[in-house]
Amino acid sequence: MSIEAKYIREDIARAKVAAGKNNLLRTLLFLRDAMDGLINKQVFGSERFEIEALLNEALKALNNMSTMQKVLPAGLSFRRGQEKQLYNKLTFLHAKLKKAIENTKLKKERQRMAILDKYFAEADVFIKENKGIEARKVFRRASEEFKDVPHLLADIGLRLVQGGLFAEAEDYLVRALEENRAEKEIHHALIASYEGTGETEKAEEAVNEAMKYAGTSEFLFLKLASLTLRRADWGAALDAAGRVLKNNPENAEAKEIYERCAPKVFGKKEAAAFSAGASTDKEQPAAKDNKKKGKGKPKAIQVSF
C-alpha cells in the first residue's frame, strides 16, 4: 500500500469512528480531509477502488446520523469524477455547522453568565441591607455552580471585603491566591480582610507573602510599617517606613511612623540628630554608635523580594 493511500484510508477510518460517536463536526472534517487526499494525491488502480468503497461506507454512516438528516435529508454521495464537488460540499457543511455550534455555545454561555450576574446583584443587595447571612448563601451557591469561571473566587472575595464581610472573604481570597499568587489585588484584599477581623499577625504574614509573590510596593512597605508598629516592633517599623521614605520623602504616614520609632530604636538624643526624611541608604549615626558598642543594627523583619 502506498503512503498516499494509507493517509486517505486513515482519514476515512477516523470519520467512521467519529460517526459512531455521533460527532458530526469531526466526521465532516475527516471526510473532507480524505477527499482532499483523493483529489491531490496520486492513487490509482485497486488502491483507489478500495478507498472509494471505504468512502461510500463512511458517507453512509454520515447520512445515517440524526443531526445530518436534519441538516441535509438527502445526504451526500460519491461519484467518480465529482470529487471536487463532494469536497466543496463537505467543506461548506463543516464550516456552517462549526459556526452554528459556536453560536449556540456562545448563547448558552451568555445565558449562564446572566444567572451569575443575577446572583451577584442579589448578594450586593443583601450586603447593602446588612444581611450578611443571606449574602453568604448566595455567594456560596454561585461558587458551587460556576466553579469553571476564571477569577470567580477572587471576585466574590473582593465583593465581600468591599461589603465589610471580612471573615467571610478570607476563605475565597486564600483559595483565589492558590490559583494566582501574582495577583496584587487579591493580596491587598486578603490583607484588608485580616485587618478587618483584627488578625494583625495574619495580616503581616499576608504582606510578606504579597511581597514574595507579587513584588514590593510603597503600599506594602507602608502597611508593614503600620502592622509592626502595632506590636511595638520599633526596628521593623522604622525599617519599613524608611523604605517608603527613600522613594517618597513626602509620605506623611511614613514620616509619622519613622519619627515615632526612631527614638525607641536610637534613643532620643541620637534620633534628634537626623530627620525622618534623611536618606535610608546611609547608615544612621546611632546605628554606627551601636556598632562601636557591639550592639549591632536594630532587628527588622526579614522580607522576601
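No experiment lies behind these values; they were computed from the predicted model shown.
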Stepwise salt bridge (charged side-chain N to carboxylate O under 4.0 Å, His left out) test for E179 and R175: CA-CA 7 Å; E179 296 176 353; R175 286 190 287 155; over 6 Å; no
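- In this structure a side-chain-to-backbone donor-acceptor pair under 3.5 Å is missing from Q162 to L160.
- Side-chain atoms of Y213 and E183, non-hydrogen and from C-beta on, never get closer than 4.5 Å to each other.
- Put simply, the side chain of N180 never gets that close to the backbone of A176: no donor and acceptor are under 3.5 Å apart.
- Using modelled atom types, one finds no donor on one side chain facing an acceptor on the other under 3.5 Å when comparing E205 with Y194.
- Checked by atom type and distance alone, the side chain of T27 pairs as donor or acceptor with a backbone atom of A19 at under 3.5 Å.
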Are E170 and K202 close enough, and set up right, to give a salt bridge (charged side-chain N to carboxylate O under 4.0 Å, His left out), and what steps lead you there? CA-CA 11 Å; E170 291 176 9; K202 285 187 176 182; 5.0 Å; no
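- Under a 3.5 Å cut-off, the side chain of S226 and the backbone N or O of L222 do not form any donor-acceptor pair.
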Hey, mind stepping through R243 and D239 against salt bridge (charged side-chain N to carboxylate O under 4.0 Å, His left out) and telling me if it holds? CA-CA 6 Å; R243 290 174 183 267; D239 179 68; 3.1 Å; yes
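- Not a single donor-acceptor pair under 3.5 Å links the side chain of E218 to the backbone N or O of N248.
- Counting heavy atoms from C-beta outward, D36 and D11 have side chains that stay 4.5 Å or more apart.
- A distance of 6.5 Å separates CZ in R141 from CD in E145, rounded to the nearest 0.5 Å.
- Under the 3.5 Å distance criterion, the side-chain polar atoms of S193 are matched with a main-chain donor or acceptor of L190.
- With respect to the salt-bridge test (charged N to carboxylate O, under 4.0 angstrom), the residues K41 and E47 do not qualify.
- Taking CG of L106 as the reference point, atom CD1 of I101 lies at 13.5 Å (rounded to 0.5 Å).
- Between N23 and V17, every side-chain heavy-atom pair lies at or beyond the 4.5 Å cut-off.
- Shown here is E57, whose CD atom has more than 12 heavy atoms of other residues, nucleotides or ligands within 6.0 Å.
- Between H188 and F219, the angle of the ring planes lies from 30° to 60°, which puts this pair in the tilted group.
- Looking at N64, its side chain does come within 3.5 Å of a backbone N or O of K60 through a donor-acceptor pair.
- The cationic atom of R159 (NZ for Lys, CZ for Arg) lies less than 6.0 Å from the six-membered ring centre of F120 and within 45° of the ring axis.
- Using a distance-only test at 3.5 Å, with no hydrogens or angles considered, no donor-acceptor pair links the side chain of N63 to the main chain of A74.
- A donor-acceptor contact shorter than 3.5 Å is absent between the side chain of D155 and the backbone of H151.
- Under the 4.5 Å side-chain contact rule for hydrophobic residues, L152 and L177 do not share a cluster.
- The backbone N or O of K84 sits less than 3.5 Å from a side-chain atom of N88, completing a donor-acceptor pair.
- The CG atom of D233 sits 11.5 Å away from the CG atom of L227 when rounded to the nearest 0.5 Å.
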